[in-house]
2 protein chains.
Amino acid sequence: MSGAQLSDHTVTKHTIHEVARRAKVSITTVSRTINTPSLVDPATAKRVSAAIEELKYYPDTHARSLVSGRSRILGLIVSDITNPFFPELVQGFEDIATRQGYDVLVSSTNYDSARMTLSVRRMLERKVEGVAVMTSEMDDHLIEQFARRSVPMVFLDVGTPGEHISNIVVDYAMGVNEAVAHLVGLGHRRIGFVSGPQDLLSAQARRGAFVRSIEAYGIASDGRLIVQGDHKVTGGLDAMNRLLKLPERPTAVLASNDLTAVGMMRAVRLAGLVVPRDISIVGFDDIWLAEFTEPPLTTVRLSRRELAEKACGALIAGLSAAPRPREYGIETHLVIRESTCPA
Amino acid sequence: MSGAQLSDHTVTKHTIHEVARRAKVSITTVSRTINTPSLVDPATAKRVSAAIEELKYYPDTHARSLVSGRSRILGLIVSDITNPFFPELVQGFEDIATRQGYDVLVSSTNYDSARMTLSVRRMLERKVEGVAVMTSEMDDHLIEQFARRSVPMVFLDVGTPGEHISNIVVDYAMGVNEAVAHLVGLGHRRIGFVSGPQDLLSAQARRGAFVRSIEAYGIASDGRLIVQGDHKVTGGLDAMNRLLKLPERPTAVLASNDLTAVGMMRAVRLAGLVVPRDISIVGFDDIWLAEFTEPPLTTVRLSRRELAEKACGALIAGLSAAPRPREYGIETHLVIRESTCPA
DNA sequence: CTGTTAGCGCCTTCAA
DNA sequence: TTGAAGGCGCTAACAG
């Protein structure tokens, strides 16, 4: 293909050579005034800077990466960017990474393992210096790809800290306990739970925390009161409908995430019942929306900001040769709003 | 800095040379079996592929970019990834770009011009091949940076198609007209509007469309019925409170976006009124949440998918030398749900 | 069909 | 304090 007919007027090439030419120095000097200004005479440095300014020159990252072996890119893999939980995480992660001089390659896999494979491949090709896998699941053989290249990884809940692997473990039990205590304190005994997809580790963890918590309060966990959702609104809606059909329906229900809770509230309303009078509902995550549902949702907060900070921090720490902790904990806490009341 | 103490066991370098060595061919042949398989003997190709497989080799994108001059990265700048409108856009954009072999560098500016500048700079450094600026605003001097480097750009609503610039113009009037017609048909005459921040061009466009539409129906537009929000929930809430305090409050109100409408519904409820019986509400955008509010929100749909397709398409089209349209239109249409009823 | 040879833009010894 | 030279991993002529 001939690129000859491209507009060739004023197509100055913004390379280090051009800068050098203008400043009447060697490219080495230009490179140095950019990377190690201390090693260059202030006067020449000024000339160089002027030339850089004139040309609005920026070094080519690719050339830089090639020679330095460092891409200054971090990968962030999330399961569904459409779930309000993630944009906040992405935002936070980006903030922090950017501040450290890293760019972020985000990838939303949509719970699809083929896409996950694709993402991983793209990240490998871009030579990401670290990957945060915030999907609560990960194919071993993909992990290996990164490990083989000594790329630091950080996972959410999926716990096998190792050579290059950090892990963030969310203390689901803490928040769930607070929620159950709150409910029990309100006089509830028949407490239901709508889980997430059971192949998701974090969903299992949430469910497990619920079962243990309920039993700690001397309430025999009743299998019929635990139904499966999908961490989406529709799943919550369906699940709640099933719960509502029970001969003895629960007086309070915990959701595995807020989206599920939103669906549940809708189901309750559609059944002609009202939250919390007829049934109390507690969510999980505390996405921004929780504050604006009708009624505002009592939920367990899992700070995205903190998650982002720890994930990004783990990666950047993993880049240095220094030893560092491999496991990070995150607490969760109940936020009481108006979707719960006495039984 | 000495990287000597890094674990050096089995740190095979996954370069094209290593593949060549294993397959007992030259690096050129490896390159060819990757890029132009037709030019290489099937038998050797097989050997090479085997070697690639063994090493799990992927070409280094940076080296590739350096020599080809093409980064295969597209930039996507949004104003607030936390607004549910954007994740869907990002998702769609990513899908399409990925399918075309492009990676996406996403940046959320948070309506902050300093961050915008930073984003632009990062994208420049990464040598993005095109930029979609979906913020409905853009600093001229930043535009110039891309233009100078012949990087195709595509904007949303900000309309100055030119050399490397495409523009997507959303037909706000269409959907707004449908909404007003719907309301008028329901007998509403006092129709209010809660706008977005007025420095946002798309917010101005929405507001303008409303005023014109209302007048087309012979309703004198009443300044008191038009109040300003901020395209967020809280802004909608405040705005609606102001509207509610009016001596003669509107019987129906349009919102500049769905988030605003959510806030408005909350305000109405807090005032002890009910939607739509006491007041009808219409949103704009049709984010997924609209379906799950209480009541489900009547709103004007602006397809993110379509937006993503056009934006991405414009960029990729701009990459080829072929002439192409510079302006893309997008229709908007009313989706009637349950937040509107007869006056 | 395959290999040899130049760079792409930049950073980094090594000499001056 | 500066410059010259080599090479990062890869693609693209140009020869065999």
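Given the structure is predicted, the values throughout are model-derived calculations rather than measurements. First the proteins, then the strands, lettered A, B, ... as listed; each starts at 1.
Side-chain nitrogen and oxygen atoms of S65(A) include none within less than 4.0 Å of the OP1 or OP2 phosphate oxygen of dC8(D). Under 4.0 angstrom from either OP1 or OP2 of dC10(C) there lies at least one side-chain N or O belonging to Y57(A).
Here the side chain of S26(B) is nearest to one of dG3(C), dC8(C), dT2(D), namely dG3(C). The side chain of I16(A) has dC11(C) as its nearest neighbour among dT2(C), dC11(C), dC10(D). Of the candidates dT2(D), dC10(D), dC10(C), the closest approach to any side-chain atom of D41(A) belongs to dT2(D). In this structure, the nucleotide among dT2(D), dT2(C), dC10(D) sitting nearest to the side chain of A63(B) is dC10(D).
A donor-acceptor pair under 3.5 Å is formed between the side chain of S108(A) and the backbone N or O of I81(A). The main-chain N or O of V78(B) is never found under 3.5 Å from a side-chain atom of T135(B) such that the two would form a donor-acceptor pair.
When rounded to the nearest whole Å, the span between NE2 of H14(A) and C1' of dG9(C) equals 14 Å. Between R126(A) atom CZ and dG9(D) atom P the separation is 17 Å, expressed in whole Å. Remark: C1' of dA13(D) and CZ of R32(B) are 10 Å apart, rounded to the nearest angstrom. Residue H62(B) contributes atom NE2, which lies 22 Å from atom P of dG7(D) at whole-angstrom precision. A straight line from CG of N35(A) to P of dT13(C) spans 12 Å, rounded to a whole angstrom. Here dC11(C) presents its P atom at 6 Å from CD1 of I34(A), a figure rounded to the nearest Å. If you measure from atom CZ of R64(A) to atom C1' of dT12(C), you get 14 Å, rounded to the nearest angstrom. Taking atom CZ of residue R21(A) and atom P of nucleotide dG3(D), one finds them 15 Å apart after rounding to whole Å.
Side-chain atoms of T28(B) come within donor-acceptor range of the base of dT4(C), with a qualifying N/O pair under 3.5 Å. One cannot find a donor-acceptor pair under 3.5 Å joining the base of dA12(D) and the side-chain atoms of S31(B).
Comment: R122(B) does not engage E125(B) in a salt bridge, judged by the lack of any side-chain N to carboxylate O separation of less than 4.0 angstrom. Using a 4.0 Å cut-off between charged nitrogen and carboxylate oxygen, R32(A) and D41(A) do not count as a salt-bridge pair.
When heavy atoms are screened at a 4.0 angstrom cut-off, V25(B) is found touching the sugar-phosphate backbone but no base atom. If you check every strand for non-hydrogen atoms under 4.0 Å, V67(A) touches a base.
Heavy-atom nearest nucleotides on DNA chain D were determined for I27(A) and for L39(A), and the one closer to the 5' end corresponds to L39(A). Each of T44(B) and S68(B) was assigned the nucleotide of DNA chain C with the nearest heavy atom; the assignment lying further toward the 5' end belongs to T44(B).
Between T82(A) and R304(B), every side-chain heavy-atom pair lies at or beyond the 4.5 Å cut-off.
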